[in-house]
K.L.:
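Quick one: this structure, given as structure tokens, is what I'll be asking you about.
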Amino acid sequence: MSLKIYNTLSGQKEDFVPVKENNVNIYVCGPTVYDYSHIGHARSVVVFDTVVRYFRFIGYNVTYVRNFTDVDDKIIKRANESKMTSEEVSLKFIDEFTKDMTALNALKPDYEPKATEHINEIVELVQDLIEKGYAYEVEGDVYFRVEKFKDYGKLSGRSLEDMKAGARIEIDERKESPFDFALWKSAKPGEPYWETPFGKGRPGWHIECSAMSSKYLGQSFDIHGGGKDLIFPHHENEIAQSEAAHGTSFANYWMHNGFVRIDHEKMSKSLNNFLTIKDTLKSWHPEVVRFFLLSKHYRSPIDFTDDSLKEAETSLDRIYSLFERTGEIKSDSKNQEHSKFWNEFMEAMNDDFNTAKAIGTIFEGVREANRIIDSGENLEKAHSIADEIVKMGNCLGILLLSADDYFRGKPSKGGEKISPEEIEALIEERKTARKNKDFKRADEIRDNLAQMGVVLEDKPDKTIWKFA
RNA sequence: GGCGGCAUAGCCAAGUGGUAAGGCAGAGGCCUGCAAAGCCUUUAUUCCUCAGUUCGAAUCUGAGUGCCGCCUCCA
């Protein structure tokens with residue numbers, strides 16, 4: 001069963017063949033750290049986290065790199081506004097980003113390089129490009145000579161001719177072509193800078209990824225990922241820089257995730273229609289957010305609405321409710337035969353990480369397990385399906401908790417706070433009332449708890465509670 | 001202006017040539033003191049429209065309509 005990946009470079013699904021057998025080297029563009037991260041950033045991270053988890057799950061040795069762009073116009077602007085240094089701004093938001101991603105169960109990449117810690121590598125790469133005639137200096141700036149790189153446009157499917165026809169790009173007289181882009185920018189007063197052979201300055205945006213990916217993964221590696229908005233110009237430029245300098249093909253597979261939308265529009269800082277991860281997690285359990293993000297194929301846009309989050313929550317509740325029924329979940333494999341659900345799940349994931357379909361098969365498993373439990377026969381089978389569902393969930397970075405921890409860890413939607421001890425006491429009181437057929441009091445207790453967002457479920461032998 | 005993507009039930013969403021997964025919501029039933037949870041049954045003769053190719057199309061081709069994105073920073 002081969003793994004297929006949709007490659008932006010070819011515009012089709014291709015069988016995945018690694019550079020080195022059993023190994024995957026993957027580089028994903030991380031954030032520019034000048035503000036809190038929003039759900040759009042979360043999608044990219046969760047999608048590629050799931051890709052990495054899956055590769056590891058099926059036995060690949062993965063080296064996963066995700067950078068931090070920590071020197072940039074926006075960071076400088078932010079620093080000036082808040083009377084902090086650029087470094088303070090970037091460190092603060094790297095910290096916030098890390099907290100958000102940890103909350104979302106995103107694995108830490110093997111390397112998280114920062115641009116500012118790779119200035120030497122960047123300068124060397126720029127010099128190399130100058131020597132090879134692919135770059136030129138103008139008054140302390142260094143530009144990439146786009147016309148000289150014949151494959152320019154191969155990723156985004158555009159040609160320089162097309163671009164000239166349509167674009168109204170601001171003409172910079174100093175550049176040979178309007179599409180030449182900055183590899184190095186000279187420092188203006190008050191901006192952070194490094195001393196280099198081309199003067200005081202800082203790296204352009206694209207060059208860091210070329211320099212850092214080759215340092216950690218080699219000049220040719222397997223997968224390069226990021227949001228669709230990075231295809232042009234960022235990834236196009238990375239290809240140009242890297243392939244011009246190294247003379248080898250850069251990344252073999254390019255994967256791009258679709259946007260998160262609000263009111264049918266791309267969520268973005270500039271449209272000011274974004275929701276931070278931090279705020280979202282105040283209302284929704286992290287696994288719910290993750291489930292939501294994985295409920296649609298990663299290349300399609302996904303609309304963020306309260307209703308769809310609510311739906312994700314209801315769906316996830318359904319899965320965890322099964323675990324409540326099967327009791328303590330043991331996820332140690334006992335080397336059993338895999339169920340048909342398992343095989344369908346793997347097929348879905350092998351087909352360009354079709355998490356939406358994969359989740360569908362999880363639910364088929366949930367129904368089957370519930371059916372078996374209701375029939376009262378072969379509970380062992382129900383248990384083993386539940387165990388498999390846990391493993392499938394773990395591939396997706398969800399179902400990592402016990403049912404109790406999940407249900408009781410959900411952000412409370414009821415206004416009042418009530419302690420587990422108080423809830424237990426009320427359940428005791430209700431139990432007595434029910435025994436005495438005092439259903440009025442029993443229902444009153446249940447209704448009161450419901451008001452506070454606590455749901456009771458009477459089981460044959462006990463009553464369990466959870467947050468709605 | 002250039003380039004690209006999407007359109008499947010009330011809603012969300014798989015399916016890319018062989019006769020419509022899954023979830024939510026709705027209806028009926030079982031279970032329950034009543035609920036909740038769960039299970040069963042049920043909910044698209046049909047996949048934006050119109051042509052075409054084919055024994056056969058939601059799936060391929062062409063035209064049209066609508067929505068979105070990239071071309072400036074963006075996950």
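Chain naming here is simple, since letters A, B, ... match the order of the sequence lines and numbering starts at 1 in each. Predicted, not measured: the structure shown is a model, and the values here were computed from it.
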K.L.:
Answer with base, sugar-phosphate or nothing: what part of the nucleic acid does A:Lys269 contact at a heavy-atom distance below 4.0 Å?
P.N.:
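Answer is nothing: A:Lys269 stays at 4.0 Å or more from every strand.
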
K.L.:
Classify the nucleic acid contact of A:Ile231 as base, sugar-phosphate or nothing, counting any heavy atom under 4.0 Å across all strands shown.
P.N.:
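Nothing: the residue A:Ile231, judged by heavy atoms under 4.0 Å, touches no strand.
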
K.L.:
Looking at side-chain heavy atoms only, is the closest gap between A:Glu191 and A:Lys185 below 4.5 Å?
P.N.:
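A:Glu191 does not reach A:Lys185 side chain to side chain.
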
K.L.:
In the structure I gave you, are the side-chain heavy atoms of A:Lys310 and A:Phe292 within less than 4.5 Å of one another anywhere?
P.N.:
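No, side chains not in contact.
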
K.L.:
Base of B:rA35, side chain of A:Arg446 - is there a donor-acceptor contact under 3.5 Å?
P.N.:
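Looking at the base of B:rA35, it does pair with a donor or acceptor on the side chain of A:Arg446 (distance under 3.5 Å).
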
K.L.:
Report yes if the distance between the aromatic ring centroids of A:Phe97 and A:Phe68 is under 6.0 Å, otherwise no.
P.N.:
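Yes, the ring centres sit under 6.0 Å apart.
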
K.L.:
Reckon A:Gly40 touches a base, only the sugar-phosphate, or nothing at all at heavy-atom distances under 4.0 Å?
P.N.:
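Answer is base: heavy atoms of A:Gly40 come under 4.0 Å of a base.
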
K.L.:
Checking all strands, does A:His38 fall into the base, sugar-phosphate, or nothing category for heavy-atom contacts under 4.0 angstrom?
P.N.:
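Base contact.
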
K.L.:
Heavy atoms under 4.0 Å, any strand shown: does A:Arg371 hit a base, just sugar-phosphate, or nothing?
P.N.:
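Sugar-phosphate contact only.
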
K.L.:
Take A:Ser321 and A:Phe232, find for each the nucleotide of RNA chain B with the closest heavy atom, and name the residue whose nucleotide sits nearer the 5' end.
P.N.:
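Its nearest nucleotide lies further toward 5', so the answer is A:Ser321.
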
K.L.:
Checking all strands, does A:Asn257 fall into the base, sugar-phosphate, or nothing category for heavy-atom contacts under 4.0 angstrom?
P.N.:
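Here A:Asn257 touches the bases of the nucleic acid.
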
K.L.:
My understanding is that a pair needs two contacts under 3.5 Å, Watson-Crick or G-U wobble. By that rule, which nucleotide pairs with B:rA57?
P.N.:
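Per the H-bond distance test, none.
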
K.L.:
Run the ring-ring contact (aromatic ring centres under 6.0 Å, His included) check on A:Phe181 and A:Tyr143 step by step: do they pass?
P.N.:
CA-CA 5 Å; A:Phe181 56 90; A:Tyr143 291 101; 8.8 Å; no

K.L.:
Using the ring of A:Phe274 (Phe, Tyr or Trp, six-membered ring only), decide whether A:Lys269 places NZ or CZ under 6.0 Å from its centre and within 45 degrees of its axis.
P.N.:
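The answer is yes; both the distance and angle limits are met.
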
K.L.:
Would you find more than 12 non-hydrogen atoms of other residues, nucleotides or ligands less than 6.0 Å from A:Asp263 atom CG?
P.N.:
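No, because the 6.0 Å sphere around CG of A:Asp263 holds 12 heavy atoms or fewer from other groups.
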
K.L.:
Heavy atoms under 4.0 Å, any strand shown: does A:Gly11 hit a base, just sugar-phosphate, or nothing?
P.N.:
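Contact class for A:Gly11: none.
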
K.L.:
So if I take residues 457-466 of chain A and measure heavy-atom distances to RNA chain B, which residues fall below 4.0 Å?
P.N.:
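Heavy-atom cutoff 4.0 Å gives A:Glu457, A:Asp458.
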
K.L.:
Verify whether the ring centers belonging to A:Phe304 and A:His38 lie closer than 6.0 Å.
P.N.:
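No, the ring of A:Phe304 stays outside the 6.0 Å limit from the ring of A:His38, centre to centre.
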
K.L.:
Is a donor-acceptor contact shorter than 3.5 angstrom present between the side chain of A:Asn354 and the base of B:rG15?
P.N.:
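Donor-acceptor pair under 3.5 Å: no.
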
K.L.:
Cation-pi between A:Arg158 and A:Phe232: NZ/CZ under 6.0 Å from ring centre and within 45° of the ring axis?
P.N.:
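Pair A:Arg158/A:Phe232 counts as cation-pi.
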
K.L.:
Taking the six-membered ring for Trp and the full ring for Phe, Tyr or His, determine whether the centres of A:Tyr111 and A:Tyr64 are under 6.0 Å apart.
P.N.:
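A:Tyr111 vs A:Tyr64: aromatic centres not under 6.0 Å.
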
K.L.:
Could you list the protein-to-nucleotides 28-32 of chain B atom pairs, N/O on both sides, closer than 3.5 Å?
P.N.:
none

K.L.:
If pairing requires Watson-Crick or G-U wobble contacts with both distances under 3.5 Å, which nucleotide is the partner of B:rA7?
P.N.:
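Check on B:rA7: paired to B:rU65, both distances under 3.5 Å.
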
K.L.:
Does A:Arg408 qualify as a cation-pi partner of A:Trp465, given the criterion of NZ or CZ under 6.0 Å from the six-membered ring centre and within 45 degrees of its axis?
P.N.:
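Judged by the rule, A:Arg408 and A:Trp465 form a cation-pi pair.
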
K.L.:
Report, as yes or no, whether the 6.0 Å neighbourhood of atom CZ on A:Phe363 holds more than 12 heavy atoms from other residues, nucleotides or ligands.
P.N.:
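Yes, CZ of A:Phe363 has more than 12 neighbouring heavy atoms, counting only those of other groups under 6.0 Å.
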
K.L.:
Hey, which sits more toward the 5' end of RNA chain B by its nearest nucleotide, A:Glu344 or A:Arg430?
P.N.:
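Closest to the 5' end, via its nearest nucleotide, is A:Glu344.
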
K.L.:
Using atom names, set out every protein N or O paired with an N or O of nucleotides 22-27 of chain B below 3.5 Å, distance rounded to 0.1 Å.
P.N.:
{"unit_1": "B:rG22", "atom_1": "OP1", "unit_2": "A:Arg367", "atom_2": "NH2", "d": "3.4"}
{"unit_1": "B:rG23", "atom_1": "O2'", "unit_2": "A:Ser315", "atom_2": "OG", "d": "2.5"}
{"unit_1": "B:rG23", "atom_1": "N2", "unit_2": "A:Glu311", "atom_2": "OE1", "d": "3.1"}
{"unit_1": "B:rG23", "atom_1": "N2", "unit_2": "A:Glu311", "atom_2": "OE2", "d": "2.8"}
{"unit_1": "B:rG23", "atom_1": "N3", "unit_2": "A:Glu311", "atom_2": "OE2", "d": "3.3"}

K.L.:
Check for me whether the distance between the ring centres of A:Phe55 and A:Phe16 falls short of 6.0 Å.
P.N.:
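Ring centres of A:Phe16 and A:Phe55 closer than 6.0 Å.
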
K.L.:
NA contact type, A:Val28, heavy-atom cut-off 4.0 Å: base, sugar-phosphate, or nothing?
P.N.:
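Nothing, no heavy atom under 4.0 Å.
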
K.L.:
For B:rA20, give its Watson-Crick or G-U wobble partner with both distances under 3.5 Å, or none.
P.N.:
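Paired with no nucleotide.
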
